[in-house]
Amino acid sequence: MDSLTMEMERDKRELEPVQAQGAGLTNTHEKVALQSEVDLPEHDESAELFDEEHKHADYTNFTKAQFVGLVKDLAKDTNYMKVESVIKEIKPHYDEIRDKERAAALQRFLEGGGIQEDFDYKGDELDITFDANLKLIKDRRMQYLRQQEEQKNTNLQRKQELIEKLRVLMEAQDNTHQFEAFKELQKEWRSIGAVPGAQAKTLWANYHALVDRFYDNQSIYFELKELDRKKNYESKLDLCVRAERLAGVEIIKDAIRELNELHHEFKHIGPVPIEDKETIWQRFKAASDAVYARRDTYLQKLQQDLQANLEQKTKLGDEAQAYATYQTDRIKEWNEKTKEILDLQKRWETVGGLPRAKAKEVNKKFWSAFKSFFNNKNAFFKKLDEERENNLQIKNDLVKKALELKESQDWDKTSNELKNLQQKWKDVGPVPEKFREKVFKEFKDACDYFFAQRRGQQGKVEQEQIDNLNVKTAICEELEKNAQEGSASVDLLHDLQDRYNSIGFVPRKDISVVKNRYHEAVQRFVNAIPDLTEDERSRVLLENQLSDLRKDPMGDRKIFQKELAIRKKISKVENDIALWKNNLEFFGKSQNAEKVRDEFNDKIKTASDHLQQLKQQLKMLRTVS
């Protein structure tokens, strides 16, 4: 067999599959064997690499406005695969909110006397905007897909035309320019993008068959073809080097994306010298496999991290279930549980993403319990507010009756009626804080006016003062009893305080005695209230003192003196803190310096806390000055 025949046979064998095993990456991350260059994928710009680093977002607590803002941003995004994935996640959440609003609107419509057949729910502006952007996204995606399909069909037509030109070229007799024309056709073929999948393999097979036949017919240009093979070898060698560099690319998805580009180039470069074919292919394949191995390791690590996150969030979800049915009738306990569940939420948010298949279930379990807790809490405070509003209405009615009686001169009858009103007043529970002082003052002023008129008319001042002393003494005894029995509370203190302050004068000789006993009883009572911090105890005691000062004829002067005393304490504490901080700078690094610095830091912290308390007292004092 002569050398020309041998070379032609070698060219034909070059198109046969090379038996080499490898692993490829598709857009779904499935492994596909790379047996030869024929198995390298066609470049398709419409195919997007799946982003494994994309974390599953939690949309459970999104409002309608947040969903609308998100869908507006999606309408501008050209990554249609990502957009479609996010839309599938958020639409059920938005529909759930819309369904609840529609159900509420229907309920209101029916309660207003309407019939269900006449109900027509159109939603609000947010619904209109959300739907409009969804339609825009759908239209743009359909337009994009149509353009891609049209482009693929155009590419198919162009490649079919090139195949026909190649057939015509092989039948031409002008051997002088045939090879140059053939290379131009190859170059144009490589520049054309992807074609519809159904025709891709057949089109490629036809093309390679014609290339094979062309080389068989071009033996007279064998030297040119050999030169072309060497150029192809150099090009493929450069691709090997570029592929090997990808092993050092930090972001694996960038490495995979670039590797797919290299696969496309490698596949379309053309034949290399037969003695180098297997070597160059194995080198390129080894570089590809190295990237795929990194990909596999990355995905394995990612799945391990997601599984670990799943275990953590599953435990947190189980922990949250205890809050879903929580109930209590104490404000402090609600506040304590609120702090606990918010801490639980912070722990939840520090954990990363979840496996997509489990994310919705785990998120729903946690956030459903979270929502149930706050729904129950809101229901409790709503009921509490309703009770206090009702109490306010009752006390306003008592004020109205007291005002109607204040001018009466039927002393005995009216006195008994007012005392009955006072008893009813004591039996009524708390009112909203912002109305407590006002409504009490109105009631007390009406009662005081009547009893003052009665005292002036009947000259029973002394006996009334003795009665007042007995009542105040009884209140002191009640304070002492509750303090001893452990039944003290802030609300009870306010009630007893209101009762004490509503009582008129006592005999002059007993003023100091009963006042001191009352203050001491209040002190013991406040100290006996459970679960109060020192700051809270100080605040309650100061409120009690201020309440006394409001009633005192010399109250303005005493308040001014108390303010001066507090300001003096504040100035002293500030000077002490400044002095201690200044002294800290003079300590060296001697053996005992650290211990001394710690002692001074403790002093500074204690003084700072005390300073804060004094400032709070001054702030409260200003409310009555």
Side-chain angles (χ1 to χ4, degrees), residues 28-30 50-67 69-70 74 81-82 84-100 250-253 294-383 530-531 533:
T28 58
H29 291 171
E30 296 175 352
F50 180 81
D51 187 358
E52 281 289 351
E53 291 184 279
H54 172 69
K55 291 185 177 180
H56 176 80
D58 178 21
Y59 303 107
T60 308
N61 287 326
F62 266 43
T63 63
K64 285 176 64 174
Q66 287 176 309
F67 280 124
L70 177 58
L74 292 174
M81 180 179 291
K82 183 191 79 175
E84 183 178 9
S85 174
V86 175
I87 289 296
K88 285 181 179 179
E89 285 193 54
I90 69 173
K91 193 171 185 304
H93 292 290
Y94 191 90
D95 288 343
E96 182 181 355
I97 297 175
R98 180 159 30 190
D99 289 344
K100 288 181 180 179
E250 182 176 356
I251 302 176
I252 187 62
K253 67 176 183 178
R294 281 190 59 213
R295 185 278 317 275
D296 294 341
T297 301
Y298 166 78
L299 291 181
Q300 184 179 5
K301 175 65 167 56
L302 178 62
Q303 291 303 320
Q304 291 174 351
D305 292 343
L306 293 178
Q307 187 61 36
N309 294 344
L310 175 62
E311 293 175 1
Q312 290 186 57
K313 285 197 169 181
T314 298
K315 292 179 181 178
L316 293 175
D318 293 338
E319 217 175 310
Q321 300 311 300
Y323 296 89
T325 57
Y326 180 78
Q327 292 288 349
T328 182
D329 58 357
R330 301 190 64 179
I331 296 176
K332 183 176 181 181
E333 291 176 356
W334 274 113
N335 293 335
E336 289 173 349
K337 286 297 178 182
T338 299
K339 183 178 182 301
E340 290 178 12
I341 197 171
L342 291 178
D343 289 341
L344 189 65
Q345 180 192 16
K346 290 179 181 178
R347 288 161 54 197
W348 172 278
E349 291 172 348
T350 60
V351 182
L354 297 169
R356 186 174 296 272
K358 293 288 186 179
K360 184 175 182 180
E361 174 188 348
V362 175
N363 282 325
K364 182 177 181 181
K365 182 177 181 180
F366 179 85
W367 292 112
S368 293
F370 191 86
K371 286 182 176 179
S372 295
F373 172 83
F374 282 100
N375 287 339
N376 294 337
K377 179 183 177 183
N378 291 338
F380 167 77
F381 279 97
K382 182 179 180 181
K383 180 181 178 182
D531 301 330
T533 64

Open item on the list: So which atom in Asn363 and which in Trp348 form the shortest heavy-atom distance, rounded to 0.1 Å?
Closed with: OD1-CZ2, 3.0 Å

TODO: Could you tell me whether the side chain of Arg347 reaches within less than 4.5 Å of the side chain of Glu319, counting heavy atoms only?
DONE: yes

Task: side chain to side chain donor-acceptor pair (under 3.5 Å) partners for Asp95, two or more places apart - done: Lys91

TODO: Quick one: list whatever passes salt bridge (charged side-chain N to carboxylate O under 4.0 Å, His left out) with Lys64, sequence neighbours left out.
DONE: Glu101, Asp124, Asp127

TODO: Mind jotting down which residue pairs meet the side chain to side chain donor-acceptor pair (under 3.5 Å) criterion with at least one end in residues 365-375? Sequence neighbours excluded, please.
DONE: Asp58-Trp367, Asp318-Lys365

Task: Partner residues of Thr328 under the side chain to side chain contact (heavy atoms under 4.5 Å, CB included) criterion, sequence neighbours left out - done: Tyr326, Arg330, Glu333, Trp334

- [ ] Can you sort out the partners of Glu349 under side chain to side chain donor-acceptor pair (under 3.5 Å), two or more places apart, ordered by chain and number?
- [x] Gln345

Task: Nearest-0.5 Å distance that lies between atom CG in Leu74 and atom CD1 in Ile87 - done: 5.0 Å

Open item on the list: I need the minimum non-hydrogen distance between Ala320 and Ala369, along with the two atoms involved.
Closed with: O-CB, 3.4 Å

- [ ] Indicate yes or no: at least one non-hydrogen side-chain atom of Glu340 is less than 4.5 angstrom from one of Tyr323.
- [x] yes

Task: Atom pair CG/OG1 of Asn376 and Thr325 - distance to nearest 0.5 Å - done: 8.0 Å

- [ ] Return the set of residues passing ring pair (Phe, Tyr, Trp, His ring centres under 6.0 Å) with Phe62 (not counting sequence neighbours), or none when no residue passes.
- [x] Tyr59, Phe67

- [ ] Show your reasoning for whether side-chain contact (heavy atoms from CB on, under 4.5 Å) applies to Thr63 and Ile97.
- [x] CA-CA 8 Å; Thr63 63; Ile97 297 175; over 6 Å; no

TODO: Applying side chain to side chain donor-acceptor pair (under 3.5 Å), name anything that partners Asn335, two or more places apart in sequence or on another chain.
DONE: none

Task: Flag side-chain contact, heavy atom, 4.5 Å: Leu306 against Leu354 - done: no

Task: Counterpart residues, side chain to side chain contact (heavy atoms under 4.5 Å, CB included), relative to Ala322 (two or more places apart) - done: none

Task: With Lys315 via side chain to side chain contact (heavy atoms under 4.5 Å, CB included) - residues at least two apart - done: none

- [ ] Nearest 0.5 Å please: distance from the OG1 atom of Thr338 over to the CD1 atom of Ile331.
- [x] 11.5 Å

Task: From Asp531 atom CG to Lys332 atom NZ, the distance as rounded to the nearest 0.5 Å - done: 3.5 Å

Task: Heavy-atom pair with the smallest gap, counting every atom of Ile252 and Arg294 - done: CD1-CB, 3.9 Å

- [ ] Identify, with sequence neighbours excluded, every residue that meets salt bridge (charged side-chain N to carboxylate O under 4.0 Å, His left out) alongside Glu336.
- [x] none

TODO: With sequence neighbours excluded, tell me which residues meet salt bridge (charged side-chain N to carboxylate O under 4.0 Å, His left out) with Asp329.
DONE: none

- [ ] With rounding to the nearest 0.5 Å, note down the distance linking CD in Gln327 to CZ in Phe373.
- [x] 9.5 Å

Open item on the list: What verdict does the side-chain contact (heavy atoms from CB on, under 4.5 Å) test give for Val362 and Thr314, after you've listed the backbone C-alpha separation in whole Å, the side-chain angles of each residue and the deciding distance to 0.1 Å?
Closed with: CA-CA 6 Å; Val362 175; Thr314 298; 4.2 Å; yes

Open item on the list: Using side-chain contact (heavy atoms from CB on, under 4.5 Å), reason through Phe370 and Leu342 one step at a time and then give a plain yes or no.
Closed with: CA-CA 9 Å; Phe370 191 86; Leu342 291 178; 4.2 Å; yes

TODO: Would you mind telling me which of Arg356, Lys82, Lys360 makes a salt bridge (charged side-chain N to carboxylate O under 4.0 Å, His left out) with Glu89?
DONE: Arg356

Task: Point-to-point distance, once rounded to the nearest 0.5 Å, from CG of Asn309 to NZ of Lys358 - done: 15.0 Å

- [ ] Check side chain to side chain contact (heavy atoms under 4.5 Å, CB included) between Gln304 and all other residues, then give those that pass, not counting sequence neighbours.
- [x] Gln300, Lys301

